[in-house]
Structure formats: C-alpha cells, structure tokens
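Shown next, in structure tokens, is the structure this report addresses.
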Amino acid sequence: MWSRYRGLLGRGRSLGRRAWRWKSVAANERALQYRVGEQIHGFTVEQVTAVPELFLTAVKLSHDGTGARYLHVAREDSNNLFSIQFRTTPMDSTGVPHILEHTVLCGSQKYPCRDPFFKMLNRSLSTFMNAFTASDYTLYPFSTQNPKDFQNLLSVYLDAAFFPCLRQLDFWQEGWRLEHENPADPQTPLVFKGVVFNEMKGAFTDNERIFAQHLQNKILPDHTYGVISGGDPLCIPDLTWEQLKQFHATHYHPSNSRFFTYGNFPLEQHLKQIHEEALVKFKRIESNTDIPKQKLWEKPREHRVTCGLDSFAADPSKQTTVSVSYLLTDITDTFETFTLSLLSSLLVDGPNSPFYKALIESGVGTDFSPDVGFNGSTREAYFSVGLQGIAERDIVTVKQIIDRTIDEVIAKGFEEDRIEALLHKIEIQLKHQSTSFGLALTSYIASCWNQDGDPVELLKIADKVSRFRQCLKENPRFLQEKVKTYFKDNPHKLTLSMSPEEDYHDKQAKMEAEKLEKKVKALSEEEKTQIFEKGLELIALQSKPQDTSCLPALKVSDIEPKIPFTVVETALAADEIPVQYCAQPTNGVVYFRAVSSLNTLPEELKPYVPLFCNVITKMGCGALDYREQAQKIELKTGGMSVSPHIIPDDSHLDVYEQGVLFSSLCLDRNLPDMMNLWSEIFNNPRFEEEEHFRVLVKKTAQELSNGIPDCGHLYASIRASKNLTPSGELQEMFSGMDQVKLMKRIAEMPDIKPILRKLPRIKKYLLNSDNIRCSVNATPQQIPEASKEVEKFLKGIARSKKERKPVRPHVIEKSSEVKPVGSETGTGLQITRKLVNDPTFKPCQMKTHFVLPFPVNYIGECIRTVPYTAADYASLRILARLMTAKFLHTEIREKGGAYGGGAKLSQNGIFTFYSYRDPNSLATLKAFEKAVEWARSGEFTQQDIDEAKLSVFAAVDAPIAPSDKGTFSSFQGCQCLFAV
C-alpha cells in the first residue's frame with residue numbers, strides 16, 4: 001500500500017482513534033527492570049524511559065552485530081504490535097520501493113509458497129496486517145492478541161523482509177509486465193499489466209492526490225522527495241527485475257532497519273526470535289541511505305500543473321486549486337516540530353482560525369487546498385495553505401489573502417482561549433485510548449526515527465506542553481515570531497496551482513500508448529514469443545493449487561470459546577427515556593451517545609438529513625454564534641458529531657430502524673458544559689447565518705466529490721444493494737451517489753434559502769425527547785454524576801405537544817428485557833424500539849454504470865441473503881472469506897491486476913462482491929459468477945473452511961475500546977440493551 005502518514009497529534013487525527021486499556025502495571029514493571037548496558041539475545045539496552053501520560057515504558061536497544069535499532073513500548077495492552085521499517089530512498093519514479101514492498105510478500109526462503117502474506121490472513125487471528133510505502137521509508141506492521149500467532153506472523157514477516165524469493169514472475173505480477181490482452185491468444189495486442197501499475201493509475205485519478213504529490217516533489221526537489229515513491233504509471237515500465245533485486249540488497253539490511261514492538265508480551269521472546277531467525281545471519285554495513293538537507297532557495301518559486309475535470313464540481317468554471325507552502329524545520333528537532341504543528345492548528349483549524357475566516361469565508365473557493373496545514377512526513381517539515389474550487393483568475397487574490405493574513409497574525413497574535421482549546425485537545429487525546437494504539441505509535445514515530453531522530457523524545461508529549469506554556473509565558477509574542485520567521489521572512493516558499501484540462505485523461509492515455517508502442521517496437525520476434533510463453537507460465541502458476549503446508553497456522557481450537565461479557569445497566573430518565581450505563585476504565589473521559597428516531601419525519605425532508613447532521617453542531621446555538629459555539633466545543637469537549645443511523649433488524653431483512661446518532665466525549669470535569677451544549681443544540685439551534693450555511697454546503701459537496709476515487713467500491717456496493725432491502729434505498733439516499741449528486745445540486749443553487757428553511761422543519765421532528773435513547777460510558781465513580789447530567793438534559797429538551805404518527809404506517813414495536821441500574825435480582829425493565837417495515841416491498845434487480853473520468857473501475861455486485869440471526873448467516877460469512885481467499889484474490893488481483901477485490905457479508909444480510917482500482921471490469925463480473933460456481937462445486941477442503949473461520953473470528957474477537965463497550969448492543973439492537 002502506498003501511503004503518506006500524518007502525526008499522532010496532527011491536524012484532524014486523534015491519538016489513536018479508540019480506547020483499549022488505561023492502566024499499565026505488569027508490562028511497565030517488567031520493562032522498568034531493564035538496565036542500560038544490559039545484553040539480551042544479541043541486543044544491548046541503551047535507554048529505559050517511563051512515559052506516564054501514555055501509560056507506557058519505552059526500552060531502546062541496538063543489535064550488537066548489525067547495528068539494527070529497536071524500540072520496545074511496554075504497555076498493558078493485549079493487542080500487541082510488531083513493525084519493521086527500512087529507510088527507502090528512490091531516486092526515480094519507477095516505484096521501486098512500492099513494487100518491492102509488494103514483491104517481498106510473495107514468498108521467501110523459509111516460506112516459498114506464493115503470497116504467504118495473503119495466505120496468513122486466513123491462518124491467523126491478527127487484528128491488523130499490512131505494509132506501507134511512504135516517501136522515504138517502507139513499513140511492515142502486524143498486530144495480534146494471541147502470543148502463538150505473534151510468533152507465527154513474526155517469523156513470516158522476518159523471512160519476507162530479509163530473505164524474499166523476489167522471483168521474476170512475482171515482479172511481473174505485482175509490478176508491471178507486457179502481456180497479451182488475452183494471455184492465451186498471441187494475436188491480441190500487448191498491453192501493460194501489473195497490480196502496482198494499476199494501483200497507481202487509480203491513485204492518480206484523485207485530483208487531491210495529484211496536487212499533494214506535486215506539492216512535495218516541488219517544495220523538496222533535490223533528492224528522494226523530488227520523485228514519486230509509489231511510482232508514476234508512465235515511469236513504472238522502466239523498472240527492471242535486476243534493479244528491484246539491487247534495491248533490496250542495498251536497502252533491506254538490518255543496518256538500515258528499525259524494529260518496533262508494542263504491548264504486554266515479554267520483550268525477551270521477541271529479541272530471541274528476531275536475533276536467531278534473521279539478524280545473526282548478517283554483519284554490520286554502512287548503509288548509504290541518508291537524506292541530505294534540502295538546499296534553501298534564495299527566492300520563492302511558482303509552479304503550475306494540470307489534472308482531470310471533476311464531473312461533480314458544483315461550478316464547472318471553478319475547478320482550480322492553489323496553495324502557498326513554506327519549508328520549515330528539520331523534524332528531528334522535536335520541540336520545534338511540536339510547536340509548529342500547534343501553530344499550524346491555530347492557523348487553519350476551525351471557523352475561528354485566521355485562514356478559515358480569510359479564505360474559506362471569502363466565498364472565493366469551496367474548501368482548503370489538499371494537504372493543508374503541517375506536514376511532518378519528510379526530513380524537513382512544511383506548511384501549506386490555499387483554496388480549491390476557485391476560478392483561475394482568482395489565483396492572485398488567494399495569494400494576496402494569504403500574505404495579508406500572515407501580516408495580521410504577526411500583528412495581533414492568537415486569542416488565549418484558542419491556545420487553551422488546543423492544549424485541551426491534546427489533554428483529551430492523551431486520555432482517550434485506542435485498540436490500535438500500537439499502530440498509531442509506530443506511524444507517529446516512523447518519520448522522525450527514520451531521520452535518526454529520538455522516538456522516545458517524541459513520545460514525551462506532556463513535557464512539550466509544559467515547555468510550550470513556559471515559552472508563551474516568557475515571551476507573549478513567541479508564536480508571532482515563529483510566524484514571522486517561517487512564513488513572512490522565508491524565501492523557501494512555493495506557490496503551486498493546478499487547473500483541469502478537458503482532455504487530461506486522454507493525454508495520459510496517449511502518453512501510455514506511446515510508451516507501450518515504443519516498448520513493443522523494440523522487441524525482437526524471439527522476445528515477443530518469450531513474452532507470450534511467460535504470460536502462459538504466469539497464468540499457469542496463478543491457477544496452480546498451492547502447497548501452504550510450510551506456513552505456520554493457528555487452529556480453530558485456538559479461538560477463544562467465549563466472548564467476554566460486558567455488564568451494562570439501564571435506567572429510565574425523565575420517567576420514560578432509556579439510558580444505558582457502562583462502567584469502564586475510560587481514564588477520566590465520559591462518552592455520551594443518543595439516537596433519535598426518524599419515523600415521523602416527512603419523506604420529502606429525508607434526503608436532507610445528512611446535511612442537517614453535518615451542520616447542526618456548526619451553525620450556533622442559544623446565545624452562541626457559530627464561532628463561539630466552535631470555541632466552546634473545542635474548550636469543553638473532544639468533539640460533538642451527528643450522523644444518520646440506519647440499523648437493519650437482526651431477524652427480518654425488510655425491517656430496520658432509522659434515526660440520527662449524536663456522539664460526544666469530554667473530560668469528566670467538563671461533563672456539565674458538554675451536556676449544556678447538547679441542550680442548547682436541541683432546544684435553540686440557530687439557522688439564520690445564510691452565508692455560513694453556504695460555506696458549509698460548498699465544503700461538504702467538495703469533500704464528497706473528492707472522496708469518490710478512494711471509496712468508489714463502497715459507492716458501487718451501496719448502489720447495487722439499493723433495491724434489495726427497504727433500508728438499502730435509505731442507505732443510498734444518505735450515503736450513496738444520490739447524496740453526492742444532491743449536494744452538488746444544492747451547492748450550485750444561487751439562492752440557498754429554500755434549503756436553509758428545511759432545517760428548522762427537520763429539527764422539529766428530530767431534536768426532541770419523543771423517541772430517543774441514550775448511552776454513557778464512564779468510570780464507575782463518574783456514573784452517578786453522569787446520570788444526573790443526562791437526566792437534566794432529557795428533562796430540559798422539548799417534547800412534541802401532540803403525538804406524531806409515523807410517516808410509514810407499518811411500525812413494528814420490539815421489546816426486550818434489560819438489567820436496571822442497581823438491580824441484583826434480575827427483574828428486568830421492558831424497553832421498546834420502534835422499527836419500520838414495508839410489507840409491499842419487493843426486491844428487484846438493477847444494473848447501474850456511473851461514467852467517471854477514471855482509467856480504472858470500481859465494482860459492486862450485491863445479493864440478498866438471510867438476516868443476522870438466521871442459521872445460514874454464519875455459513876455465508878465464512879463462505880465470503882473462503883471465496884475471497886481461495887478464488888477471488890487469484891482471479892481479480894493476481895490475474896486481473898486490480899488492487900483489491902473479494903466478497904463480504906454485511907450485518908444487513910447483503911452479500912457483496914467488490915473490486916477496487918480494477919482495469920478489467922467485464923472479467924471481474926465473470927469472476928463473480930465463477931466464484932459462485934466454484935463454491936457450488938465444493939472445490940475446497942476442511943482446512944480451507946477452518947482457515948476462513950479463523951479469519952472471521954479475528955474480526956469477531958477484535959479488541960473493543962472502553963469507549964465502545966456495550967454500544968454495539970445499545971445502538972445495533974443486538975445482544976443486550978433494546979435487544980430483540
């Protein structure tokens with residue numbers, strides 16, 4: 001996977017999205033016993049550091065024989081992670097590190113079967129397995145809760161990284177090859193094929209990706225950042241197999257590696273296995289992969305690039321993007337980097353930021369330019385700000401606004417409340433924990449450690465916050481001086497603009513055709529014959545049954561036989577509203593959720609529900625205008641969100657619950673403030689700011705349009721399932737291409753008042769206590785206080801004066817018995833949920849093709865099967881994994897060259913076949929048909945079924961955060977609160 005990481009505490013990304021454990025005793029205590037200089041299995045301990053704010057202890061080591069660097073993070077978290085990272089510094093855009101990342105996973109000395117990486121997905125209970133190619137490093141991480149599984153995966157990853165087969169046929173399959181359109185027919189034309197080749201063609205259909213790539217290449221042009229590490233589709237065919245093998249020899253050496261382990265498994269076992277299975281076989285070398293500092297410019301530069309038209313742009317005449325970017329500091333200066341990251345947030349985050357006011361609210365464009373804000377993924381960080389969705393003539397205007405805003409910030413500085421809100425955000429991120437915390441950590445430290453920065457120093461966030469406060473206290477103009485140094489007086493400044501060309505994709509296709517023609521013309525007849533024969537050889541290899549007996553595997557007996565039980569209790573607040581309480585070690589954070597029914601909302605207002613959800617927390621409430629509201633939310637909460645909520649019934653495909661989900665979190669001391677904000681949003685939302693509403697509409701429409709290239713398979717699948725269940729139609733309306741097109745139409749409207757007038761009408765049906773239920777996750781000590789605040793909130797929100805009838809007359813009431821708060825007897829409360837049924841609904845077949853200007857396709861084919869509680873549901877779920885691993889992966893990815901494809905069964909009973917960045921849509925549709933025939937013919941073994949079970953249970957038994965415990969039951973309508 002080609003990737004560009006953002007920081008752990010960076011813009012728009014929290015410190016590992018969801019919480020796991022909060023106290024660390026045993027793992028930390030063990031780690032603190034290590035002593036500097038202690039030797040363990042070929043490694044020497046260099047540093048042992050406790051980081052109490054993250055409940056971890058960091059142990060830094062180095063390998064005696066090779067110099068390999070090692071960081072172990074001990075934390076009482078059962079979801080243990082390993083990663084190995086190599087500094088990879090390509091000097092051309094052939095995509096050599098990216099193709100190597102794919103190819104090393106195709107077989108190794110110890111595990112010579114083809115594609116052990118994908119095969120291990122079904123032989124493991126891993127919670128994560130992947131590989132990433134960044135601009136200057138390649139990272140191979142996995143995580144699992146099972147110690148035996150950890151050792152198995154570690155063995156496969158070590159052998160893949162250090163002793164890969166790197167077979168020519170694997171290079172052809174994963175990278176690029178010349179092959180006949182029909183490999184079995186030498187009369188068909190030769191074409192370019194290959195997984196990475198098609199992946200990158202797909203990646204560069206995304207105009208935001210094109211812009212961000214050019215931005216990095218142009219602001220850091222002198223070394224490895226001046227090329228495309230993932231590969232330019234026009235350059236990928238210049239890479240040879242020999243060059244690939246040479247790149248591995250020079251870059252994938254222990255002396256150029258960084259090992260990272262995380263969790264509560266013992267460190268000694270990891271070190272022993274890594275030393276004995278890999279490192280003992282190498283000697284130290286000098287790795288010449290250092291990245292020199294970028295030579296600073298003496299004066300600013302400007303570049304213009306082109307891209308494809310956006311067919312969903314609200315205004316076709318306004319599709320230009322422009323940004324101004326500034327080269328900052330070396331990312332190994334961790335405090336300066338931390339300061340500049342905070343400064344970036346102050347400059348661009350939220351409606352109170354100077355650039356939001358000056359650029360977004362100017363009406364000149366639709367949204368910030370791609371890669372806005374601080375980027376610390378390269379040796380020297382950079383900051384970028386600009387606008388997309390502008391007219392080409394407004395480029396100069398945007399530049400002038402940016403210069404003027406910088407001058408104003410230097411003169412006026414930042415309000416103290418905004419700085420406090422930002423530091424509060426960091427405090428809540430440190431307390432808010434994550435099931436994927438190890439993955440978040442390895443991603444967070446990767447760039448700095450890759451440049452020989454200190455990863456442990458990077459983790460000491462509390463120290464940096466204290467130092468930051470001290471700097472502000474000693475020098476009130478501390479931040480203004482940074483703005484002057486890095487922005488006003490910085491000659492290393494790039495203005496990048498991008499405008500669409502109507503024939504952009506035709507030009508790209510023409511250049512590819514010319515490249516192909518040149519390659520084909522240079523071939524002798526003998527070489528053409530060899531290509532045909534190699535094509536047949538590759539197909540034969542891909543079709544040949546694989547002997548996977550060399551691979552380690554867990555057994556079905558290794559699956560935990562029982563799911564851990566989560567205790568939840570329920571009370572009736574305000575006399576009749578059910579509130580679920582789940583006491584969890586949330587580390588002083590309170591999580592509040594509520595669902596309000598859509599049953600009484602008139603049908604003509606339904607399409608506007610997603611827009612209502614998007615803006616209701618951003619328009620102001622009570623005495624607060626939208627800026628004051630945003631400030632209060634940042635100061636007192638970790639975020640407040642509202643989203644459509646469609647839950648299929650677990651026993652009937654044509655029955656579903658429709659509602660809106662309200663979610664928020666806060667530090668326990670701020671709970672009254674957070675609930676007061678919800679009260680004001682429910683009782684007194686403000687809808688009078690027409691211009692601000694227009695800004696939000698344009699931004700939403702732009703984001704939806706920009707998301708299509710990355711989520712095409714999801715849009716295809718949602719559309720394909722539209723006519724299979726009654727809830728499918730609503731899903732398409734809320735989350736599908738229908739919503740993308742509706743937002744485009746609204747953004748194009750010269751008069752937006754008719755849409756704005758719909759919001760108070762929706763509010764009348766949604767923001768009341770008529771049909772609502774809530775849940776709270778908090779520490780046991782905080783539950784009584786939370787109960788009081790929720791009661792106060794529910795008593796304070798309006799009830800309808802008269803009972804509203806459901807718009808759809810067929811409402812099914814489902815009751816369930818739940819445990820009341822404080823009950824030891826087991827006498828339950830009866831809780832009722834109102835679900836919608838459409839007895840007239842008849843599923844029907846539908847075929848849809850959206851024509852988009854992309855050189856690759858996204859396919860979804862859906863089949864209505866059985867509900868969640870049906871006897872066949874489990875078998876179908878296992879069948880989906882079986883089809884993916886044993887048939888579709890080979891047909892769609894290996895043979896077809898698509899980046900991804902497979903089958904899945906959703907909770908709503910819809911069985912989906914899909915493909916992603918796919919050059920062969922017709923062949924893929926046939927592969928879906930063949931998959932059914934393959935399954936019907938029973939061409940699989942009991943071992944195949946057992947492997948599929950492992951894969952399913954890896955998802956079923958994935959760790960759940962304290963913030964999320966019990967919420968599946970309360971809001972999905974299964975297992976517990978409000979259950980059937």
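Side-chain atoms are counted along with the backbone in the values below, which use heavy atoms only and exclude waters and symmetry mates. Computed from a predicted structure; not experimentally measured.
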With a distance cut-off below 6.0 Å to the six-membered ring centre and an angular limit of 45° from the axis, does Lys281 pair with Phe163 as a cation-pi contact? yes
Cation-pi, Trp241 ring and Lys245 (6.0 angstrom, 45 degrees): yes
Ser524-Glu526 side chain donor-acceptor pair, cut-off 3.5 Å: no
For Arg167 and Cys106, work out which heavy atoms get closest and say how close. NH2-O, 2.6 Å
Might you point out which heavy atoms bring Lys218 and Val305 nearest each other, and give the distance in Å? NZ-CG1, 4.4 Å
Could you tell me which non-hydrogen atom of Phe312 sits nearest to which non-hydrogen atom of Ser705, and how far apart they are? CB-OG, 3.6 Å
Presence of salt bridge, Lys926 and Glu933, under 4.0 angstrom: no
Pi-cation contact, Trp172 with Lys534 (under 6.0 Å, within 45°): yes
Option passing ring-ring contact (aromatic ring centres under 6.0 Å, His included) with Phe86 (candidates Phe259, Tyr137, Phe162): Phe162
Exercise: do Thr133 and Glu101 side chains pair donor with acceptor under 3.5 Å: yes
How far apart are the closest heavy atoms of Cys235 and Thr94, and which atoms are they? O-CG2, 3.5 Å
Which heavy atom of Phe204 sits nearest to which heavy atom of Ile210, and what is that distance? O-CD1, 3.2 Å
